[in-house]
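Side chains included, hydrogens not; waters and symmetry mates left out as well; all remaining heavy atoms used.
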Amino acid sequence: MTAVESRPAGVIGTGSGHRPLQARVMGFVALTKPRIIELLLITTVPVMFLAAGGVPDLWLVLATVVGGYLSAGGANALNMYIDRDIDALMHRTEQRPLVTGLVSPREGLVFGITLSVVSTVWFAVLVNPLSAGLSLTAILYYVFVYTLGLKRRTAQNIVWGGVAGCLQVFIGWSAVRNELGWAPFVLFLVLFFWTPPHYWPLSMKVKDDYARVGVPMLPVVAGNQVVARQIVIYSWVMVLTSLTLWWPLGETSWFYPLVAAVLGAFWLKEAHGLHARAKAGVTGAKLKEMRLFHWSITYATLLFVAVAVDPFLH
């Protein structure tokens, strides 16, 4: 995969020194990708409830949430620093702070490294060393394995790159118990199999952007029918895996598997619907690929809410 020539930072906006302080602050906040972090925290805190068998220590929850934000924010900032060349050429990312010049590349790099170091120390001091090690592993994996190693080289990038986000369930569990176990491993696998069918519909929508910069997302190198078939396969594995938290592990009451089964049924309906439309040759707006993308966020949110509620019924 050849490198992509970038346009100069600041071409859309003025230099960082001429921007109001509030705009500069918001630029640094944007580097952390807050909307993505929201989803990461939604998958972390409920696992703490499951690990505690009820309400965990609220100060520990706060420390874990803050540490998780700093950790994911640092990784995301470093991701934007590395990808600023292709971000400048993609319509979806052309307004990111490192592209517009709101934040300079040097500032972005220092900011990302600082958050990564602070988050690791934060976890080690206020949570425990195991959580700190898992947090650091997630950062290094996202930056070096996904961003530098996989993203521009293979159509399997998002499959294996998603491991970094999946580690959040281990962090939540280890924060409470200071050890790992089978329950977080199952939830790790649920998120692992969730990530491709979550992201591929969005990639189908913006595949021209990825093709323009030479990033081989699956929808770029394969037709819609192939992508939709892969989505169906991953979806079935994800739903079946989610139920193993109830049986055979026996970690939940009746409530969690009921919610997981209902949510999974709706997911599979959307996934098979997308596959049917793709198989019929439907393209453009009628393909409705973003319906599954939006539902996937709802699915993950409600599934992990069920994880948090279930200990009170078990």
Side-chain angles (χ1 to χ4, degrees), residues 1-40 72-116 139-162 164-165 195 198-222 289-290 293:
M1 189 63 61
T2 58
V4 179
E5 182 180 356
S6 65
R7 62 191 184 198
V11 68
I12 299 177
T14 60
S16 60
H18 301 287
R19 291 296 181 91
L21 178 60
Q22 182 178 357
R24 295 263 291 148
V25 170
M26 294 307 297
F28 281 102
V29 171
L31 285 180
T32 66
K33 300 184 182 178
R35 294 189 66 183
I36 292 178
I37 293 177
E38 287 177 12
L39 187 59
L40 292 178
N76 288 332
L78 292 172
N79 168 267
M80 285 198 195
Y81 169 78
I82 295 166
D83 280 347
R84 65 191 188 281
D85 59 337
I86 60 176
D87 283 349
L89 301 175
M90 296 174 63
H91 296 306
R92 190 172 65 89
T93 56
E94 64 185 6
Q95 291 297 323
R96 286 180 171 174
L98 291 176
V99 177
T100 64
L102 184 60
V103 177
S104 72
R106 177 183 174 83
E107 291 172 333
L109 177 61
V110 171
F111 181 66
I113 293 175
T114 300
L115 287 187
S116 299
I139 295 171
L140 295 176
Y141 190 98
Y142 188 64
V143 173
F144 290 99
V145 177
Y146 172 65
T147 307
L148 289 172
L150 298 173
K151 184 172 181 178
R152 308 192 194 195
R153 290 182 171 86
T154 171
Q156 293 296 302
N157 47 21
I158 202 65
V159 176
W160 297 104
T195 302
H198 157 70
Y199 199 80
W200 279 335
L202 175 63
S203 300
M204 294 169 76
K205 180 73 172 180
V206 299
K207 66 180 180 182
D208 290 342
D209 257 359
Y210 284 119
R212 184 182 304 113
V213 298
V215 174
M217 288 292 178
L218 185 61
V220 173
V221 301
E289 68 275 20
M290 291 299 286
F293 172 76

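Between Ala72 and Leu40 the shortest heavy-atom distance is CB-CD1, 3.5 Å. Contact detail for Ala164 and Tyr142: the closest heavy-atom pair is CB-CB, 3.8 Å. The two residues Val110 and Thr114 come nearest to each other via the heavy atoms O-OG1, 2.7 Å. Between Leu98 and Arg84, the shortest heavy-atom distance links the atoms CB-CB, 4.3 Å. Closest approach of Met290 and Pro201 over heavy atoms only: SD-O, 4.2 Å. Taking every heavy atom of both residues into account, Leu115 and Gly73 meet most closely at CD1-C, 3.8 Å.
The OG atom of Ser203 lies 6.5 Å from the CD1 atom of Ile158; values are rounded to the nearest 0.5 Å. A distance of 10.5 Å separates NZ in Lys207 from CG in Leu218, rounded to the nearest 0.5 Å. A distance of 12.5 Å separates CD1 in Ile139 from CG in Asn79, rounded to the nearest 0.5 Å. In this structure, the separation between CZ on Arg35 and CG on Asn76 is 13.5 Å, given to the nearest 0.5 Å. Between the OG1 atom of Thr100 and the CG atom of Asp87 there is a distance of 11.0 Å, given to the nearest 0.5 Å.
When each of Ile86, Val213, Thr147 is checked for a side-chain contact (heavy atoms from CB on, under 4.5 Å) with Arg152, only Ile86 meets the rule.
One finds a salt bridge joining Lys151 and Asp83 here, because a Lys/Arg side-chain nitrogen approaches an Asp/Glu carboxylate oxygen to under 4.0 Å.
Residue Lys33 qualifies as enclosed at atom NZ: its count of foreign heavy atoms under 6.0 Å is above 12. In this structure, Met26 places its CE atom where only 12 or fewer heavy-atom neighbours from other residues, nucleotides or ligands lie under 6.0 Å away.
Phe111 is listed as a side-chain neighbour of Thr32, based on a closest heavy-atom distance under 4.5 Å. In this structure, Met204 and Met217 have side chains that are not in contact, with every pair of non-hydrogen atoms separated by 4.5 Å or more.
Stacking of Arg24 on the aromatic ring of Phe28 is not recorded, the 6.0 Å distance cut-off and the 45° axial limit not both being met.
The closest side-chain donor-acceptor pair between Tyr210 and Arg92 falls under 3.5 angstrom.
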